[in-house]
Amino acid sequence: MTAAPAAASAAAVPTLELRRLDKRFAGTHALKAVSLGFLPGEVHAIVGENGAGKSTLIKLLTGVHPKTSGSILWQGREVEFAGPQDALALGINAVHQEVVLCPHLTVAANIFLGDETTRFGLLRKREMNRRAQEILDGLGFHLPADAMLSDLTIGQQQLVATARAASRGTRFLVFDEPTGYLTRAETDQLFALIRRLHAEGVTIIYISHRMEEIFQIADRVSVLRDGQLIATHVVAETNERDLIREMVNRPLDEVHHKEEIPLGETLLEVRGLSGPGFRDVSLTVRRGEIVGLYGLIGAGRSEFVQCLFGRTHKTAGEVLLRGKAVDFRRESDAIGNGIVLLPESRRDQGLCLNLPVGFNLNLPVFHRISVAGFIQPGEERARAEKQMRDLRIVAASRSVDALTLSGGNQQKIVIGKWLNHGADLFIFDEPTVGVDVGTKAEIYKLMAALLRNGAGIILISSYLPEVHDLADTLHVFRKGRLAASFGHRGTDHESILAEAIGT
Amino acid sequence: QKPTIPIIVKDTTSFYWQIVLAGARQAGMDLNVNVQELGAQSEADINGQIGILENAVSSNPAAVVISPTQFAALGPAITEAAQRVKVIGIDSAADSKAFTSFLTTDNVQGGRAAADALAAAITEQYGAAEGEVALITSLPGVGSLDQRAKGFKEQLAAKYPKLKLTADRVADGQPTTGLNIMTDLITANPNLRGVFASNLIMAQGAGQAIAENNLGEKIKLIGFDNDERLVSFLKEGVIAALVVQDPYRMGYDGVKTALAASKGEAVPAEVDTGVNVITKANMDDPRSQELLNPKVK
Amino acid sequence: MADMAIATKPRRGLRFGFLLNLTLLGLLLLMWLVLSVTTDAFMTTNNIVNLLRQASLWAIIAIGQTFVIITGGIDLSVGAVVGLSSTVVALLLKAEVPIWLAVTLTLLLGPVIGCFHAFGILKLGLPPFIMTLATLTAFRGIGLLLTNGATISGFPPEFTGFSRLELLGIPSLFWVVILIAIPSYILLHHSRWGRYIYAVGSNAEAARLSGVHIARTIYLAYILSATLACLAGVLTASRIAIGVATTGEGWELQSIASSVIGGTSLFGAVGSITGPLLGSMLLTTINNGANLLNVNPFWQRIITGFLIIAIVFFDQLRRRKKR
Amino acid sequence: MADMAIATKPRRGLRFGFLLNLTLLGLLLLMWLVLSVTTDAFMTTNNIVNLLRQASLWAIIAIGQTFVIITGGIDLSVGAVVGLSSTVVALLLKAEVPIWLAVTLTLLLGPVIGCFHAFGILKLGLPPFIMTLATLTAFRGIGLLLTNGATISGFPPEFTGFSRLELLGIPSLFWVVILIAIPSYILLHHSRWGRYIYAVGSNAEAARLSGVHIARTIYLAYILSATLACLAGVLTASRIAIGVATTGEGWELQSIASSVIGGTSLFGAVGSITGPLLGSMLLTTINNGANLLNVNPFWQRIITGFLIIAIVFFDQLRRRKKR
Ligand SMILES: Nc1ncnc2c1ncn2[C@@H]1O[C@H](COP(=O)(O)OP(=O)(O)OP(=O)(O)O)[C@@H](O)[C@H]1O
Ligand SMILES: Nc1ncnc2c1ncn2[C@@H]1O[C@H](COP(=O)(O)OP(=O)(O)OP(=O)(O)O)[C@@H](O)[C@H]1O
Ligand SMILES: [Mg+2]
Ligand SMILES: [Mg+2]
């Protein structure tokens, strides 16, 4: 962003203003007297560690949660939100961090939910499908409007949520970590969208853990820590290092991505594997190696690893694990053979949301911490608490439901539950979605520790700098096939992207 | 070809109706008739019985024998059916003039008989027909049970004003509920002298409660209908008397009458198959034995 | 949640290719064909009329139940509402209220009951199962109390005559089903309220964030269910010519079964109006067929149980194949 | 899903601060207190023994039902299994099989039935509701067929005597409940199998990806439920001294209600062993109290309905406050 719009001067009446806004959940003081104004037509970024209160702030100003105290002013007038419909009525729309859509409805039905087009009281389904398709195409998202939402990958669902919020002619739009599952190509499209809306005078809040995005897109940035507003800066007048310091308030190691670890024997060899969603994939994973998989949304990376893990069944090809041919019938076979999968969608596949944090962390190891089938309570507690410490999981206690954690902290549970499992081959599918900078570094360190112990890692990430920096070998998927392979930092971002898109 | 006569009872799951069906089956064998055994799955399932009747008539039988679950409800359906086949009623009446013949137990009369038997038992034990008594009905909304209750209450009011009905309970058709209600009655009414449990299942439950507490002397239980278990209760003195009908004859004569009617023979318009009170004293009479041990198989 | 995930897991074995393309309708027609061949009586006008008449009452409550189940709820009270409304209409007719008024007043019970259910679920926070189980018990009690357990009879002949009418060879009760099913179909599949019913069942939180008025949607579903149950009660009274508080016992399970056999998911958001129609027709056909074939009534239950398993299994197979 | 989201929605009004801290146990004790004051008979040893005995049978099946519900399923067949096993044990005893053998053989029906349910759900892909509704129908038929609808009596006195025994003033039936509840508690709350039951009910997909054997867990839950229902059937036969195929009619809803009143969620993953114990005790107390107070049987139903609403409402209030 270069040209700061004239409207964004300090004198203007904020579109939306928060005064001493406060929110308490049972056991957590999530937001502490935050006062902040969003100026007409600005892109305002909010940054902070996992659990800092960013999403809570968003939920208060979109009417999802009732506030505990304080006030919200819309164009200078105080407003009370009884529910999301009141915020929607003012033109406040949000793409929430967790994809909240209806899995049983089509993409078009989700886009128009609550705002259907009707004639004589009847739904105009064809019209809505057509318009939904136009919206999706206009944004450059390649999705069929008549597909069932549950048939889409989590990343594709995120695009639907974005299209939906953007299509509603809003005056105030919030993006809470919209790029978690997006690759560079889709991120660029999203940014184009934000710039267009910005030019139209829409006020935008943008939340992300990817610092470079803040500097690309935002006019101002506010830092939250522990539920408190620490500072607000004009983006042009600050830098990444200062922001991070304000966020974490403790010395942070330089995020060094990869130590040199010698590669060992071949752990996994995949020869010409085909299955649902991918074809003819061959690759090897050696001990101590990170094999990165990159590709656009829906390229087939997740489908490939789920087949490796025994969730779906191959149609051709073979898999050799430690030199022996294997064909897993179910997930527990794979786990028994020392393979673990950290799934991409934490809500659908990763967590038992209405069960405690400690329960989720121990789920894969209950057989290890039990004697004759009975759980050793001491060990259960100790393990859960160790994982929570190691990954700095912010939660009131280990016995609160996973549901009540912030998005990033939920993601840490998905990772944490496998770390002490002792497997050989780790498949990480989008492990750092929504995870803050500090914890990302922790996770990279933990990965390095696994590698040093002789494990191999398959890493799927849509965040190009991450795979680029971490992977010893990088494979690019395009439409279900391997399009290209590179060595460690063997090429630059642009050529990887070109391979993924296929131009 | 053998003529087909369906017999439609109220509740195929109850032993009483199994005896009726056994009688009908025997008649089928004796008279060379193909007897279809049909019936609802509960006495409360009025609608189900209408459907069964309609289905039975659809298959063009020689005649139909039916025991209507409910007086008014089955009326129109029976009238409609009678336009196509002869209809013989057994056990209970229906609001229809279309029956060719009718073989019944008068349930109101049965209730009166139960009141008499109860009064007699209490008089024998306590010297006079006075004190607190209770009534346990198996299910609400069942015509024959309502009639028994009606007869019982009328007779108490008319002939035994000193027998006070302190509790009038309706259960859910479960023997365990009968047992629980009876135990609670024993707890709540220490002066209880008599109970009328107006069908088989309730008599079983209530009998068990009295047997458990050894109160056969103190509380006089009158049951309605019979099976092996109730007969042994009677023998042991747990039950003071059983009011029994003659279901076997109803089934047998029902089919027999239906066959005759289908051939155009003259049949009596009404037959009362009667109720009998059986006590320990008369239970070994040949007639009692015939009633108490019907040949079901 | 649990069973959805289980059902989506790919399965092996148990393939019956030839039966895969049979839909529920196909299975129903197959049963009809078999019954036509094996019995003389089945394919007679008279029997088909009976079949339609018998299926009608279940179909009506099953449609109402379907709305509720799609929102992720359940309405256990429908059977009791049938009993209660049959006694209310009977008492009104007995009191010489004109038929149209008696029927209208009884149908107005529906919205009252539905609102009470929705209130209990939304404001008191009771699970739908408990709320409607409680009213199931209470409504039976109210019906029995109103009539003192007796049956009410002596209706005007026009009232009882209605259920025996036919038009174009189709019995009046089935015409009512058609008149209910068409607007229900439009409401559920072609109106925004129908959309919201699915949305609430699919993800209530997502619906709420989209500005869908969850409460109104839930009120709508329970009012529809209770009102259709009241209608079924009135029709039952007309059909059996009496009002009894105990009619409709066990119909709650029958209506849920009809709906679920017809493909509705108890976890919400999956279902259609044709489902309960086919489901209730299948259950009725099984009963009718067993009677015509003169199956021993005890065997009849056993066969019914296993036929339900077989039918739903084949239907599941087809669905699974299709996705 | 739907009702969870609704339940977490903040609510205003309807605050009864003074009652908030009453747990279900508190409400139960309150009812006991009220009954002790209003009736002479309630607080007698005899009545308390009766109460415990009456609650026992429901408590046993409700515990089994709870395992199934926590996995996100439902077992509608329990009532029919009670009826079937009561006739099977009766027939075996009648055939002069020794008591221990007759009881063992009958209890072995449990695993067979449970496996059949789990097989239908997992391999045939039927929804638990339909699978167990079908077997509910079929098992009743089998029981009736075995006995031809008759009641079987004439048991050895040691068999019928068992349910009359007392030890330390506690009736034998309640001792059975204790002997069932303790291992069930340990299994559900302190073993890894119990953890898997919760995990499957919460998110079967996540559990599967964590290496949990979903199928084994589901088999376990349904086997437990069917076996406990068989046990309840044997005890019922002992208590009423007869075997009847129709016993236990409607107990499926009672057991689900006991469980849900005790805080189990029909959407899975929420519940405990104390829940069904308290739930069945509450339902029994309501019946017992109404009998002792000599409430008109029709009013009794109405009161039961509204008491259930009130009790669950207060319990929900407390839960909501706590979170
Ligand atoms: N429904 C809830 N119940 C209880 N506590 C909650 C709930 N929602 C959020 N919290 C708590 O509030 C705090 C702030 O959470 P929030 O989701 O706002 O964090 P965030 O800044 O968005 O973090 P992330 O970057 O991980 O998304 C956390 O400690 C979280 O555990
Ligand atoms: N359950 C399903 N049914 C039908 N199609 C599916 C299903 N799951 C995934 N797909 C399709 O398979 C293709 C590959 O998806 P996959 O999840 O492997 O992609 P990905 O490269 O991991 O992308 P993402 O970043 O979106 O996860 C996509 O086009 C997706 O729409
Ligand atoms: Mg967040
Ligand atoms: Mg993926």
Side-chain angles (χ1 to χ4, degrees), chain B residues 9 11-19 21-22 39 41-42 134-137 139-140 166-190 200-201 203-209 211-213 226-233 238 294 296-297, chain D residues 39-42 44 46-51 53-55 57-58 79 82-83 86 137 140-141 143-144 147-155 160-161 163-164 232 235-236 239-251 254 284 287-298 300-301:
Chain B
V9 298
D11 174 8
T12 50
T13 68
S14 110
F15 186 62
Y16 176 83
W17 294 105
Q18 286 298 315
I19 302 173
L21 292 178
Q41 306 204 333
S42 142
L135 168 65
I136 304 179
T137 302
L139 281 170
T166 52
D168 180 1
R169 286 293 143 75
V170 182
D172 60 359
Q174 294 287 305
T176 39
T177 310
L179 172 55
N180 290 343
I181 287 178
M182 190 66 221
T183 3
D184 290 343
L185 279 178
I186 292 169
T187 311
N189 303 289
L200 190 71
I201 294 290
Q204 283 167 338
Q208 181 67 16
E212 282 178 0
N213 294 296
N226 61 286
D227 77 343
E228 196 188 349
R229 174 81 179 149
L230 293 193
V231 172
S232 70
F233 274 155
V238 172
V296 174
K297 283 204 176 156
Chain D
T39 70
D40 297 338
F42 186 80
T44 57
N46 206 7
N47 190 56
I48 296 299
V49 167
N50 279 337
L51 192 69
R53 232 184 243 151
Q54 289 167 20
L57 298 172
W58 283 358
V82 166
S86 90
T137 316
R140 284 255 179 260
L144 288 166
T147 59
N148 198 21
T151 49
I152 312 291
S153 59
F155 299 157
T160 51
S163 61
R164 305 287 315 154
L235 294 175
T236 308
R239 173 136 168 81
I240 58 178
I242 46 172
V244 209
T246 52
T247 23
E249 225 156 65
W251 287 15
Q254 291 294 349
T284 312
N287 284 345
N288 179 267
N291 280 341
L292 295 188
L293 290 169
N294 198 15
V295 177
N296 162 319
F298 303 147
Q300 191 166 329
R301 293 178 186 230

Exercise. What is the minimum heavy-atom distance between B/Gln208 and D/Ile240, and which atoms define it?
Worked result: OE1-O, 3.6 Å

Exercise. Of the backbone (N, CA, C, O) and the side chain (C-beta and beyond), which part of D/Thr247 lies under 4.5 Å from a heavy atom of chain B, both, or neither?
Worked result: both

For this session: Pick whichever of D/Asn50, D/Thr160, D/Thr151 has the most heavy-atom pairs under 4.5 Å with chain B.
Result: D/Thr151

Exercise. By a 4.5 Å heavy-atom criterion (distance strictly below it), what part of B/Thr177 contacts chain D: side chain, backbone, both, or neither?
Worked result: neither

For this session: Name the region of B/Thr187, side chain, backbone, both or neither, that has any atom closer than 4.5 Å to a heavy atom of chain D.
Result: both

Problem set entry | Residues that B/Arg169 engages under salt bridge (Lys or Arg N to Asp or Glu O under 4.0 Å), provided they are two or more places apart | none

For this session: Measure B/Asp168 against the heavy atoms of chain D and call it side chain, backbone, both or neither at under 4.5 Å.
Result: backbone

Problem set entry | Region of D/Thr39 in contact with chain B, defined by heavy-atom distances below 4.5 Å | neither

For this session: Go through the atoms of D/Arg301 and report whether side chain, backbone, both or neither lie under 4.5 Å from a heavy atom of chain B.
Result: side chain

Problem set entry | Where B/Ala188 and D/Asn291 come nearest, the two heavy atoms and their spacing | CB-O, 4.5 Å

Seminar exercise, completed: Most heavy-atom pairs under 4.5 Å with chain B, out of D/Gly248, D/Gly143, D/Gly154, belong to D/Gly248

Exercise. Is chain B contacted by the side chain of D/Ala241, its backbone, both, or neither, given a heavy-atom distance below 4.5 Å?
Worked result: both

Seminar exercise, completed: Given B/Leu21, B/Thr183, B/Thr166, the one with more heavy-atom pairs under 4.5 angstrom with chain D than any other is B/Thr183

Exercise. Of all heavy-atom pairs between D/Arg53 and B/Glu212, which one has the smallest distance, and what is that distance?
Worked result: NH1-OE1, 4.1 Å

Exercise. Checking B/Ile181 against chain D: side chain, backbone, both or neither under 4.5 Å from a heavy atom?
Worked result: both

For this session: Sequence neighbours left out, what passes ring pair (Phe, Tyr, Trp, His ring centres under 6.0 Å) with D/Phe298? Give chain and number order.
Result: none

For this session: Please state whether the side chain, the backbone, both or neither of B/Ala171 comes within less than 4.5 Å of a heavy atom of chain D.
Result: backbone

Exercise. Can you tell which of B/Leu200, B/Leu179, B/Asn213, B/Ile186 has the highest number of heavy-atom pairs within less than 4.5 Å of chain D?
Worked result: B/Leu179

For this session: Start with the C-alpha distance between B/Asn180 and D/Arg239, add both sets of side-chain angles, then the distance that settles side-chain contact (heavy atoms from CB on, under 4.5 Å), and finish with yes or no.
Result: CA-CA 11 Å; B/Asn180 290 343; D/Arg239 173 136 168 81; 3.4 Å; yes

Exercise. In Å, rounded to the nearest 0.5 Å, how long is the span from CD1 of D/Ile152 to CD of B/Glu228?
Worked result: 8.0 Å

For this session: Sort D/Leu57 into side chain, backbone, both or neither according to what part of it lies under 4.5 angstrom from a heavy atom of chain B.
Result: side chain

